Amino acid sequence: MYAYLIPLIVIIALVAASVRILPEYKRGVVFFLGRFQQVKGPGLLLIIPVIQKMEVVDLRTITLDVPGQDVISRDNVTVRVNAVVYFRVVDPEKAIIQIENFGMATSQIAQTTLRSVLGKHDLDEMLAERDRLNDDIQEILDAQTEAWGIKVANVEIKQVDIDENMVRAIARQAEAERERRAKVIAADGELQASQKLVEAADVLGQNPAAIQLRYLQTMNDMSSRNSSTIFFPLPLEITKIFEQMRGE
């Protein structure tokens, strides 16, 4: 009886070692005597021990946290930037055969690309145009990892850390910019007011009665205020007499 029991145990062990179950989000890259055979899964699989070998690949999106990188911007400002990369395997065969560790490789190339791309931009662009920089980094990473069967879906720059002295310098720059805009607006207002005054003077000069009406309106405005100012109305004809005397 024991003569039949030992082979039965061996057969059961071989069957147990041959049966593999892969969920929907995983694929198995099968090698036959060291050579690539096919990609299998999901579901119930049978792998011949010793002769066949299977490497399992997860097809779900992987979140890769890129550690903080010291970047020197184009305007020579040192900042520390970290980001997050979302990628997934779209070709399990390439992900296993073309690269030893696609996760580590993607992390390293993401760090290098982050420093390279941000180093070509000014600090103001890093802070104000983050969406465009995210798209640029994503396109470069996607092109570089395509040969590994990797698809980079999205890149997000999480934080840009600036030195405290630089923060104060940026605040002073922003304050100076606001003062400059205020002075430009005030000067522009003075210019527009002077142009309107010239136009009003031209209109009033065409009709002496209009000047007299404006004079009376000014007197009415002054008298309606609660003020202790005393004014004496002076007829405009008197000023004309003085002008004639000065001309003579």
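For this chain, numbers begin at 1 and follow the sequence in order. Computed from a predicted structure; not experimentally measured.
- At least one side-chain heavy atom of L118 sits under 4.5 Å from a side-chain heavy atom of I157.
- With sequence neighbours excluded, the residues satisfying side chain to side chain contact (heavy atoms under 4.5 Å, CB included) with S107 are L64, Q111.
- Among residue pairs with one or both ends in residues 88-108, none qualify as salt bridge (charged side-chain N to carboxylate O under 4.0 Å, His left out); sequence neighbours excluded.
- Considering only heavy atoms from C-beta on, L123 comes within 4.5 Å of I162 through its side chain.
- Enclosure of atom CD1 in I72 is not indicated, since only 12 or fewer non-hydrogen atoms of other residues, nucleotides or ligands lie within 6.0 angstrom.
- At a threshold of 4.5 Å between side-chain heavy atoms, the hydrophobic network of Ile, Leu, Val, Met, Phe, Trp and Tyr places L127 and V71 in one connected group.
- To the nearest 0.5 Å, atom CG of residue D124 and atom CD of residue E129 are 9.5 Å apart.
- Grouping Ile, Leu, Val, Met, Phe, Trp and Tyr by side-chain contacts under 4.5 Å, direct or through others, puts Y86 with V84.
- To the nearest 0.5 Å, atoms CD1 (I137) and CZ (R130) are separated by 10.5 Å.
- Tracing side-chain contacts under 4.5 Å through hydrophobic residues (I, L, V, M, F, W, Y), one never reaches F102 starting from M54; they form parts of separate clusters.
- Both I99 and V85 are members of a single hydrophobic cluster when ILVMFWY side chains are connected at heavy-atom separations under 4.5 Å.
- Residues V66 and A110 come closest through the heavy atom pair CG2-CB, 4.0 Å.
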Check against side chain to side chain contact (heavy atoms under 4.5 Å, CB included), F87 and L141: CA-CA 10 Å; F87 71 95; L141 284 179; over 6 Å; no
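- Using a cut-off of 4.0 Å between Lys/Arg side-chain N and Asp/Glu carboxylate O, R178 and E175 are scored as not salt-bridged.
- When all heavy atoms of I109 and T113 are compared, the pair lying nearest together is O-OG1, 2.7 Å.
- Using a 4.5 Å heavy-atom threshold, the side chains of M126 and V77 count as separate.
- In this structure, D131 and N134 have side chains that are in contact, with non-hydrogen atoms separated by less than 4.5 Å.
- Checked for salt-bridge contact, R181 and E177 meet the test: a charged N lies under 4.0 Å from a carboxylate O.
- In the hydrophobic clustering of ILVMFWY residues, with side-chain heavy atoms under 4.5 Å counting as a link, L45 and V56 come out together.
- Within the structure, every pair that satisfies the salt bridge (charged side-chain N to carboxylate O under 4.0 Å, His left out) test and touches residues 61-80, not counting sequence neighbours, is listed here: D65-K158, D70-R80, R74-D122, R74-E125.
- Listed by first then second residue, pairs satisfying salt bridge (charged side-chain N to carboxylate O under 4.0 Å, His left out) with a partner in residues 133-144 read R132-D136, D142-K151, not counting sequence neighbours.
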Going by atom type alone, with no hydrogens or angles, which donor-acceptor pairs under 3.5 Å involve a side-chain atom of residues 19-44 and a protein atom two or more places apart or on another chain?
unit_1	atom_1	unit_2	atom_2	d
R27	NH1	E24	O	2.8
Q37	OE1	Q52	NE2	2.8

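- Closest approach of L59 to P92, counting heavy atoms only: CD2-CG, 3.9 Å.
- No donor-acceptor pair closer than 3.5 Å links the side chain of S116 to the backbone N or O of T112.
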